[in-house]
Number of protein chains: 2
Amino acid sequence: MAETGTKTPRERYRTQVRAEIKERAWEQIATAGPSALSLNAIAKQMGMSGPALYRYFASRDELITELIRDAYRSLADTFRATSGPGPNHAALAHALRRWALDDPQRYFLVYGTPVPGYHAPDDVTAIASEIMTTLLDACTALPSDSPATPFETHLEGHRQWADGHPAPPAALRRALTFWTRLHGVLSLELAGHFTGMRFDPALLFTAELDDLLAH
Amino acid sequence: MAETGTKTPRERYRTQVRAEIKERAWEQIATAGPSALSLNAIAKQMGMSGPALYRYFASRDELITELIRDAYRSLADTFRATSGPGPNHAALAHALRRWALDDPQRYFLVYGTPVPGYHAPDDVTAIASEIMTTLLDACTALPSDSPATPFETHLEGHRQWADGHPAPPAALRRALTFWTRLHGVLSLELAGHFTGMRFDPALLFTAELDDLLAH
DNA sequence: AGATTTAGTTAGAGGCTATCACGAAACCTA
DNA sequence: TAGGTTTCGTGATAGCCTCTAACTAAATCT
């Protein structure tokens, strides 16, 4: 084999340990949030002493960034797998909701409260725009008949973020509202702001989705 | 004076020190987020040694809870001050946006990513329902003509959260969408998810608001 | 087999939360 | 105004944490 598709044993071991560290990190985040993530505790869980982890991640921040990257990647893949030809908003929406409920902290890592200083590395924002592209595809596939709103004409003049995507202004607007409205419902639901109230969040979600599809 | 409206000097001093501590805490939160809040650092800033702060707040968590309480209180007051007789959604919405932009971290303390274990004390949830009541008032004042949707009939059966408020189902639905849609736009804007894109978030916000008022 | 890279160790600096025991100041009361 | 009591702030300390540095031992490469 000319290609070392399977890497050297050391590299195999290394990636496997990195994976286990991330695994434990996800568990910690799920139970106590990202701020409670402790490299020391992970190391002890894995039977090694604190500083050993620094062979695998340069810092706590780098580990968290890696988790954020994985979260983005996971959502982008889910979206791409759901996306097909034609307008499949509903499928995307439900895929999003399933993905969010599957691991709320993972959702919050992507769309939750940011740390003021933090700036995502370029490859992460690239994944974000990949997600947006999938969404724009779905929106472009939907015909739009109603006349352009003022905001849509504003968007037509500020469409750099669509990154060359040929979506018409109405589709840009549709993608944005798809994003903000579903995020509005989802983030409040995941944050537990509906728990006291006894209605079914899933119905609110689909009601918003229906409204999105109707107009 | 039978009433000690002005307290004893000790109490005056005490509340003043508590206020200064919270002041510094807000500054720290604004620049580095709640997770970076350090009692030690605040103490040093105020010229006293670490443990002294524990005379004023039993723990870091208690201080943060107090900040959350103040944030809720501030929003409830803003809402109540904005609310008048009749349907003034637009005023409420813009008051909300101003309040949010005024101090994004304060907004996130209320509506942002929650710490998994954390449960807000009862008086805080009471303020939350006070906010909801103000919103329901505005929604009730608006006439609704369209036929009830399935979700609205569902809400009619699960309206405990309205806490005896006489709002009709359509108003319940309207209050929820008001909340989720505006939060959707605001939270993404404050979290910086629109920064790369060059459009004006204010226009998206008012576009969503207009849509809310139109239907 | 020897040289080199890498994984893991302990020690330690410096930060944090939080508790405790102690001195000192302020306050209340007789 | 003098004495007892409450309250404030202190330093010391325990126990976490992140992260660096020097060192050992094992695996890998030549």
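Here is how names work: the chains are called A, B, and so on, in the same order as the sequence lines, proteins then strands, and each is numbered from 1. Because the structure is a prediction, the values reported are computed rather than measured.
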May I have the distance from [X] (atom [atom1]) to [N] (atom [atom2]), rounded to whole angstrom?
{"X": "Ile42(B)", "N": "dC16(C)", "atom1": "CD1", "atom2": "P", "result": "11 Å"}
{"X": "Ile21(A)", "N": "dA7(C)", "atom1": "CD1", "atom2": "C1'", "result": "12 Å"}
{"X": "Met48(A)", "N": "dT10(C)", "atom1": "CE", "atom2": "C1'", "result": "15 Å"}
{"X": "Arg18(A)", "N": "dG8(C)", "atom1": "CZ", "atom2": "P", "result": "13 Å"}
{"X": "Arg14(A)", "N": "dT5(C)", "atom1": "CZ", "atom2": "P", "result": "15 Å"}
{"X": "Leu53(A)", "N": "dA21(D)", "atom1": "CG", "atom2": "C1'", "result": "17 Å"}
{"X": "Glu20(A)", "N": "dA7(C)", "atom1": "CD", "atom2": "P", "result": "15 Å"}

**Prompt:** Across the strands shown, which category fits Phe57(A) at heavy-atom distances under 4.0 angstrom: base, sugar-phosphate, nothing?
**Reply:** nothing
**Item:** Over 12 foreign heavy atoms within 6.0 Å of CD, Glu23(A)
**Value:** no
**Request:** Between protein and nucleotides 22-30 of chain C, map the contacts as a letter string: B base, S sugar-phosphate only, - none, heavy atoms under 4.0 Å, written 5' to 3'.
**Result:** ----BSS--
**Asked** What is the per-nucleotide protein-contact pattern of nucleotides 11-18 of chain D, from the 5' end, where B denotes a base atom under 4.0 Å from a protein heavy atom, S denotes such proximity for sugar-phosphate atoms only, and - denotes neither?
**Response** BB----SB
**Item:** Intermediate values then yes/no, side-chain contact (heavy atoms from CB on, under 4.5 Å), Asp211(B) and Thr177(A)
**Value:** CA-CA 11 Å; Asp211(B) 197 90; Thr177(A) 57; over 6 Å; no
Taking 4.0 angstrom as the limit, do [X] and [Y] come out as a salt bridge?
{"X": "Asp77(A)", "Y": "Arg73(A)", "value": "yes"}
{"X": "Arg173(B)", "Y": "Glu156(B)", "value": "no"}
{"X": "Glu11(B)", "Y": "Arg14(B)", "value": "no"}

**Request:** Could you verify whether a donor N or O on one side chain and an acceptor N or O on the other, from Tyr118(A) and Thr65(A), lie under 3.5 Å apart?
**Result:** yes
**Message:** In terms of relative ring orientation, are Tyr107(A) and His183(A) parallel, tilted or perpendicular, with 30° and 60° separating the classes?
**Reply:** parallel
**Message:** Before you tell me yes or no, could you show the steps for Trp99(A) and Arg106(A) under side-chain contact (heavy atoms from CB on, under 4.5 Å), namely the whole-Å CA-CA distance, both residues' side-chain angles and the distance that decides it to 0.1 Å?
**Reply:** CA-CA 9 Å; Trp99(A) 183 83; Arg106(A) 183 180 55 181; 3.2 Å; yes
**Request:** Would you give the length of the straight line joining atom CD1 of Ile127(B) to atom CZ of Arg69(B), rounded to the nearest 0.5 angstrom?
**Result:** 7.0 Å
**Prompt:** Is the distance from OP1 or OP2 of dT28(D) to the nearest side-chain N or O of Tyr13(A) less than 4.0 Å?
**Reply:** no
